[in-house]
Amino acid sequence: MMPNVSSRFTVHTAEEKPELLSKINELTLKSFPAFLFQGDPPTRDYWDSMLERHLPFQFALFEGEEMVGGGVTVPLEWDGTLEDLPENFERILHARGTPNVLCATAGLVVEKHQGRGISRDVLLAMKHIASQHDFSSLVVPVRPNHKQRYPLLPMEEYLKWRRDDGLLFDPWIRTHERLEATILKVMSTASIIPATVKQWEEWTGMRFMSDGQYVIPGGLAPLEISLSKDEGVYIEPNVWMEHKVDL
């Protein structure tokens, strides 16, 4: 059992309790739009094997006997420059080399426990795991959770939005900011998902009967539909942020 990173919760890794892996995976699939696990090649094709390769870095938060959240992280080699940051999730999940930072790919909170500030504890657990493995930073391709309300706005412009108290507008990015993380750059092609029009209609519950851009449920950017090509292409931006880790 990992030492508590919060007085509220206990943290267990999938290395300690392998049976947690399926629960963490199930929570991940519930926490994101289904289309994000498609892609070219589909993220789902290598997601499961990635989790199994990195058991010490996948974890769950428990309140008593109940799982309330968790996280998926991957060791990564990064030379500290903006240019060396992966441009998409495929590169993160296929990372090779000698890792020196920990990369968070999913911060998770069980739906009925959302709104309790547990996401902060998830990040603290990630930083603790990074410290345990002597990694200098926790880097995060953040998926801003309110960006889906403004999918037509460029991410660069969205990141300029701040509340009256000076903190960033987006709640998830703001949680990172409160833990002293810094924004590094926009990850403009975090996910590239081409699929047939029919597939997109199944994933979104919408009909696409003309060419053009469409706002889709859960999308951070518009979907581009071409009927003549029988194709819809979704390109999602995320935001690279860095937490320095105390070793």
Side-chain angles (χ1 to χ4, degrees), residues 1-38 43-44 47-74 89 92-93 102-130 132 138-149 168 170-179 181 190-191 203-205 216-220 236 238-239 241 243:
M1 182 177 69
M2 186 188 304
N4 287 355
V5 296
S6 163
S7 59
R8 299 195 294 172
F9 307 113
T10 302
V11 182
H12 293 283
T13 70
E15 183 178 46
E16 300 162 13
K17 295 190 172 188
E19 67 273 16
L20 286 179
L21 203 59
S22 61
K23 294 180 179 179
I24 294 168
N25 205 7
E26 181 182 357
L27 181 55
T28 301
L29 295 174
K30 287 180 178 178
S31 299
F32 297 95
F35 58 77
L36 284 180
F37 293 93
Q38 306 306 319
T43 302
R44 190 67 195 274
W47 181 266
D48 292 350
S49 63
M50 181 276 295
L51 293 180
E52 292 171 0
R53 287 199 313 273
H54 301 296
L55 293 180
F57 303 99
Q58 322 313 332
F59 66 92
L61 268 64
F62 282 83
E63 188 171 47
E65 298 298 316
E66 184 178 8
M67 180 176 166
V68 298
V72 177
T73 62
V74 183
F89 276 99
I92 293 173
L93 300 181
L102 190 63
C103 179
T105 59
L108 310 167
V109 178
V110 174
E111 185 176 5
K112 72 176 183 177
H113 293 288
Q114 291 175 4
R116 297 177 53 197
I118 295 175
S119 59
R120 180 180 187 276
D121 298 275
V122 169
L123 289 175
L124 289 174
M126 290 177 176
K127 292 179 70 173
H128 185 79
I129 291 172
Q132 281 190 318
L138 171 71
V139 292
V140 189
V142 180
R143 188 176 196 268
N145 56 3
H146 278 191
K147 179 65 171 68
Q148 61 183 310
R149 302 179 182 183
L168 285 162
D170 187 85
W172 186 215
I173 298 183
R174 191 166 64 245
T175 299
H176 289 269
E177 182 182 39
R178 282 177 164 150
L179 291 176
S191 299
W203 295 336
T204 62
I216 59 175
L220 306 192
E236 175 167 300
N238 285 182
V239 181
M241 299 188 73
H243 296 257

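Along the sequence shown, residues are numbered consecutively beginning with 1.
Residue Ile118 holds its CD1 atom at 12.0 Å from OG1 of Thr175, rounded to the nearest 0.5 Å. Taken to the nearest 0.5 Å, the OG1 atom of Thr13 stands 14.0 Å off from the NE2 atom of His54. Atoms CG and OG, on Leu124 and Ser119 in that order, are 9.5 Å from each other to the nearest 0.5 Å. The line from OG of Ser191 to CG of Leu220 is 9.0 Å long, rounded to the nearest 0.5 Å.
Counted within 6.0 Å of CZ on Arg149, heavy atoms from surrounding residues, nucleotides or ligands total 12 or fewer; the atom is thus considered open. Atom CZ of Arg120 has 12 or fewer heavy atoms from other residues, nucleotides or ligands within 6.0 Å. Counting heavy atoms of neighbouring residues, nucleotides and ligands inside a 6.0 Å radius, atom CD of Glu111 does not exceed 12 of them.
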Exercise for review: Just do the side-chain hydrogen bond (donor to acceptor under 3.5 Å, both in side chains) check on His113 and Glu63 with the steps written out, would you?
Suggested key: CA-CA 11 Å; His113 293 288; Glu63 188 171 47; 4.5 Å; no
Using side chain to side chain contact (heavy atoms under 4.5 Å, CB included), reason through Phe35 and Ile216 one step at a time and then give a plain yes or no. CA-CA 11 Å; Phe35 58 77; Ile216 59 175; 4.0 Å; yes
- Task: May I have the step-by-step check of side chain to side chain contact (heavy atoms under 4.5 Å, CB included) for Ile173 and Val142, ending in yes or no?
- Result: CA-CA 7 Å; Ile173 298 183; Val142 180; 3.9 Å; yes
Note to self: Evaluate Arg143 against Leu36 for side chain to side chain contact (heavy atoms under 4.5 Å, CB included), listing each step before the verdict.
What the structure shows: CA-CA 11 Å; Arg143 188 176 196 268; Leu36 284 180; 3.4 Å; yes
Just do the side chain to side chain contact (heavy atoms under 4.5 Å, CB included) check on Leu21 and Leu55 with the steps written out, would you? CA-CA 8 Å; Leu21 203 59; Leu55 293 180; 3.7 Å; yes
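Using a distance-only test at 3.5 Å, with no hydrogens or angles considered, a donor-acceptor pair links the side chain of Asp170 to the main chain of His146. Using a distance-only test at 3.5 Å, with no hydrogens or angles considered, a donor-acceptor pair links the side chain of Arg174 to the main chain of Leu168.
Looking at Lys23 and Glu19, no side-chain N of the basic residue comes within less than 4.0 Å of a carboxylate O on the acidic one, giving no salt bridge. Arg8 has a carboxylate O that lies under 4.0 Å from a charged side-chain N of Asp121, or vice versa, which qualifies the two as a salt bridge. Salt bridge status for Lys147 with Glu236: absent, with no side-chain N to carboxylate O gap under 4.0 Å.
Smallest separation of non-hydrogen atoms from Gly69 and Val110: N-CG2, 4.1 Å. Of all non-hydrogen atoms in Ala125 and Leu61, the two that sit nearest each other are CB-CD1, 4.2 Å. Contact record, Met126 with Gly107: CE-CA, 3.9 Å, taken as the closest heavy-atom pair. Of all heavy-atom pairs between Gly71 and Ile24, the closest is O-CG2, 4.2 Å. Gly218 approaches Gln148 most closely through the heavy-atom pair CA-OE1, 3.3 Å. Across every non-hydrogen atom of Leu138 and Lys127, the tightest pair is CD2-CG, 3.8 Å.
Within the 4.5 Å cutoff, no side-chain heavy atoms of Val68 are placed close to those of Val109. Taking 4.5 Å as the limit, some side-chain heavy atom of Leu102 sits within range of a side-chain heavy atom of Phe57. Contact of the Pro141 side chain with the Cys103 side chain is registered, since non-hydrogen atoms from C-beta on lie closer than 4.5 Å. Side-chain atoms of Phe32 and Phe37, non-hydrogen and from C-beta on, do get closer than 4.5 Å to each other. Here the side chains of Leu108 and Lys30 are not in contact, with every heavy-atom distance at 4.5 Å or above. Two residues are said to be in side-chain contact when any heavy atoms from C-beta on lie closer than 4.5 Å; His176 and Val140 meet this criterion. Residues Leu123 and Trp172 form a side-chain contact, since some pair of their non-hydrogen atoms from C-beta on lies under 4.5 Å apart.
Side-chain rings of Phe59 and His12 stay apart, their centers remaining 6.0 Å or farther from each other.
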